[in-house]
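Hydrogens, waters and symmetry mates play no part in the numbers below; they use all other heavy atoms, side chains included. Letters A, B, ... mirror the listed sequences (proteins, then strands); counts begin at 1. Remember, predicted model here, so these are calculated numbers, not experimental data.
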Number of protein chains: 2
Amino acid sequence: MVTKQLRGATARPIKKDDADLARADSLAREIFADIANKWALLIVETLGDDTLRFTELRDGIEGISHKMLTQNLRLLERNGLVERTVHPTVPPRVEYTLTEPGRGLRATVDAMCDWTHRHLGAIESARHRFDGV
Amino acid sequence: MVTKQLRGATARPIKKDDADLARADSLAREIFADIANKWALLIVETLGDDTLRFTELRDGIEGISHKMLTQNLRLLERNGLVERTVHPTVPPRVEYTLTEPGRGLRATVDAMCDWTHRHLGAIESARHRFDGV
DNA sequence: CAGGATCCTAGGGGATACTG
DNA sequence: CAGTATCCCCTAGGATCCTG
């Protein structure tokens with residue numbers, strides 16, 4: 001589970017503490033569900049250190065639909081990972097960038113991508129082995 | 001995108017190289033899609049250093065259905081992240097454990113979980129701000 | 001106990017059209 | 001250009017039953 005094993009750490013479990021832990025738990029699960037999804041992670045990864053417009057993001061992420069992009073951007077914005085700046089020009093110009101916490105998450109996503117690339121070969125052969133049987 | 005920016009690195013892009021890069025790309029995307037999903041990541045995280053039976057995993061991951069568990073376990077097995085050992089006893093005993101590459105991925109998932117827990121507060125207030133408006 | 005196979009529904013997610 | 005709303009289809013995924 002997402003929960004870190006620090007349950008038994010407190011001297012004597014008081015009721016209120018348990019309730020707090022439970023709340024933190026379900027919150028963590030909720031956040032994890034928001035974040036641990038293909039599109040959200042790809043958006044974070046694509047944004048990187050840049051400031052990108054809606055269309056630039058859309059073009060940068062192959063296969064993402066208009067709808068999924070807006071939807072996930074709202075989610076990320078709501079969780080404070082992405083900052084959205086609207087320039088009141090015409091036509092409108094909306095820019096997205098990672099917030100400080102967002103960049104923190106990005107580091108871990110980077111690690112995941114690195115991992116993927118380092119294991120491309122191993123995974124490919126594992127697949128062949130599996131499919132062959 | 002998952003693709004690392006090493007496209008322009010080669011001296012002169014020869015056709016074959018491009019084709020290879022494209023293949024690696026789509027493979028990376030495929031793997032990423034397999035892995036960057038809530039259940040797969042939770043399974044990896046839950047397995048950790050342990051060797052768990054099907055039912056233990058099922059009980060350890062709150063909210064996962066029988067079907068989703070088997071489905072994702074097969075996927076992880078196919079990609080060589082999880083090893084499945086069947087003990088031909090009766091009733092059967094099937095154990096799952098992370099492979100070496102699987103443990104590598106686990107490290108990055110751990111980082112993601114850590115990140116989540118460190119930012120619980122920040123995210124919660126970001127949400128209130130967002131929802132309040 | 002592990003896990004296929006089947007059925008069936010909710011909602012994820014695409015395409016399109018409309019506003020500011 | 002960015003974003004919302006509508007329609008609609010298709011599949012992810014839950015519940016259930018059946019085998020070794």
Fill in: B:Arg103 and B:Glu100: CA distance, side-chain angles, deciding distance, salt bridge (charged side-chain N to carboxylate O under 4.0 Å, His left out) verdict
CA-CA 5 Å; B:Arg103 280 193 287 279; B:Glu100 182 45 39; 3.1 Å; yes
Response to the item:
Quick tally for nucleotides 3-20 of chain C: nucleotides whose base has a protein heavy atom under 4.0 Å get B, sugar-phosphate-only ones S, the rest -, giving BS--B-----BB-----B
Worksheet item: Going by atom types alone, do B:Asn37 and A:Asn37 pair a side-chain donor with an acceptor below 3.5 Å?
Response: no
Fill in: Straight-line distance of B:Tyr96 OH to B:Ile43 CD1, nearest 0.5 Å
9.5 Å
Worksheet item: Within the structure shown, what part of the strands sits under 4.0 Å from A:Arg53 by heavy-atom distance: base, sugar-phosphate, or nothing?
Response: sugar-phosphate
Discussion item. Go through it in stages, so that I can follow the logic: the residues are B:Asp25 and B:Arg29, the test is salt bridge (charged side-chain N to carboxylate O under 4.0 Å, His left out), and I'd like the CA-CA distance, side-chain angles, deciding distance and then a yes or no.
Written reply: CA-CA 6 Å; B:Asp25 256 36; B:Arg29 284 294 292 256; over 6 Å; no
Discussion item. With side-chain contact (heavy atoms from CB on, under 4.5 Å) as the criterion, how do B:Arg84 and B:Leu73 come out once you've worked through the C-alpha distance, each side chain's angles and the decisive distance to 0.1 Å?
Written reply: CA-CA 9 Å; B:Arg84 175 168 177 271; B:Leu73 278 173; over 6 Å; no
Worksheet item: Tell me: CD of A:Glu95 to P of D:dC1, nearest whole Å?
Response: 15 Å
Item to complete: Could you state the atom-to-atom distance from CG of A:Leu75 to C1' of D:dG3 in whole Å?
Response: 16 Å
